Amino acid sequence: MKSFNPPTRTLMGPGPSDVHPRILNAMSRTTIGHLDPSFVMMMDEVKEMLQYAFKTENELTMPISAPGSAGMEACFVNLVEPGDKVIVCINGVFGSRMKENVTRIGGKAVIVEDKWGAPVDPQKLDQALTDNPDAKIVAFVHAETSTGALSDAKLLCKTAKNHGCLTIVDAVTSLVGSELRVDDWGIDAIYSGSQKCLSAMPGLSPVSFSEKAIHKISNRKTPVTSWFLDLNLVMGYWGKGAKRTYHHTAPVNTLYGLHESLVMLHEEGLENSWNRHQKNHQLLRDGLNDLGINYLVEESSRLPQLNSVYVPKGVDEAEVRSRLLNDYNMEIGAGLGALTGKIWRIGLMGYTSRKENVDLCLTALKKII
Ligand SMILES: Cc1ncc(COP(=O)(O)O)c(C=O)c1O
């Protein structure tokens, strides 16, 4: 056996995105103890910079030491108790996973369904809330990575609040790539992933919880069924003034990487990052239009960081992906579920969202198709 040396790729799929060399470099620094005072200081900076990324002053803002799916579970296992009614909006793969979380906990999921490729319909949500006055929580995906649709998180949260519900929002793909304002929009629990628009490595899930969410968690009638994700315990490690007693061994070097990616976000500015994602999306869109390639999602709800486009008639979609990989070292994503074989998902997330990548992708597609 020999050391593994991965090929150099341009990651233009649904994630992970390309990791910036500065982040890779940061991750290769000396490992120190996760209770070392220097490390604790760095963790405090990570928390503060995540608050900036989420646009929140929530004290309980931190990275969970596991991928986005663990952030999702952390929100559901802590906020949902057996018997709780949760309105789950489904317009793609990840909404279905939210429902799965609710039912496994013993909650009652009421589904608001929208077509794959469409955003969540706020009117349908309002109707479901009127029909279910005992609902306690509304859950939806801000940026549905399986389809490339962006939902109106601000309006959906307002609708939920009008009916006295807490909100759980999936921001795995939206954080840093699309406008997102946790405090202004009144989001109660939110989770993301390090490997998308933050362009850090996979394996961490930034989360944030409002005071109302913490109140519900602290007043549960039943203990949280997951030991690892029980926020009452995690707070002792990440919380303000916490003694940083041992909870689990933090992934030290991975957190160096997240720290560096957040430093880079500060240097660029959050709004500038949203704008960069939009600008490069428009460049790609114009080039794809010229090639006669059409989008699945209406312009008004398209994600800039995840472009879902129809495979042109007569083109072998898997063959194109394989040629992109073999001839151009470029990864793009396939469709999922009912969209398998019908669409490609072209990611422009984080460090990948650069003009030279747009140009390379368009040049390659032009030659292959
Ligand atoms: C919208 C959304 N939610 C949740 C997840 C799960 O994240 P992870 O794969 O990091 O566990 C993903 C991953 O692609 C996602 O796109």
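Both counts, for ligands and for their atoms, begin at 1 and track the order of listing. Just so you know, residue 1 is the first one in the sequence shown, and it goes up from there. Predicted, not measured: the structure shown is a model, and the values here were computed from it. The figures here come from the full heavy-atom set of this structure, side chains too, leaving out hydrogens, waters and symmetry mates.
- Counting only heavy atoms of the protein, atom 3 (N) of ligand 1 lies nearest to Asp170 OD2, 2.6 Å.
- Judged purely by distance below 3.5 Å, without hydrogens or angles, the side chains of His248 and Ser65 pair a donor atom with an acceptor atom.
- Of all the atoms in ligand 1, the ones that sit under 4.0 Å from a non-hydrogen atom of Thr173 are 16 (O).
- Residue-to-ligand polar distances keep Tyr191 apart from ligand 1: every N/O pair is separated by 3.5 Å or more.
- The shortest contact between atom 16 (O) of ligand 1 and any protein heavy atom is with Thr145 OG1, 2.4 Å.
- With a 4.5 Å cut-off on side-chain heavy atoms, His142 and Asp170 do not count as touching.
- Salt-bridge check for Asp114 with Lys124: passed, with a basic side-chain N closer than 4.0 Å to an acidic carboxylate O.
- Checking Asn280 against Lys355 by side-chain atom types alone, no donor-acceptor pair falls below 3.5 Å.
- Note: Thr56 OG1 to Leu50 CG = 10.5 Å, rounded to the nearest 0.5 Å.
- If you chain together hydrophobic residues whose side chains sit under 4.5 Å apart, Leu306 and Leu283 never meet in one group.
- Ranking the protein heavy atoms by distance from atom 14 (O) of ligand 1 puts Lys196 NZ, 2.7 Å first.
- Judged by the shortest distance from any of its heavy atoms, Gly203 lies outside the 4.0 Å radius around the atoms of ligand 1.
- When non-hydrogen atoms are compared, ligand 1 lies under 4.0 Å from neither the backbone nor the side chain of Pro14.
- Pairing each heavy atom of Ser199 with each of Thr352, the nearest pair is OG-N, 4.3 Å.
- Residue, atom and distance of the protein heavy atom nearest to atom 5 (C) of ligand 1 are Phe94 CE2, 3.4 Å.
- Close N/O approach between Gly68 and ligand 1 is found [any backbone or side-chain N/O within under 3.5 Å].
- When each atom of ligand 1 is checked for a heavy atom of Ala143 under 4.0 Å away, the hits are 1 (C).
- With hydrogens left out, the protein atom closest to atom 6 (C) of ligand 1 is Ser69 OG, 3.5 Å, a heavy atom.
- Counting only heavy atoms from C-beta outward, the side chains of Leu362 and Leu360 never approach each other to under 4.5 Å.
- The closest approach between Gln195 and ligand 1 falls below 4.0 Å for a heavy atom of the residue.
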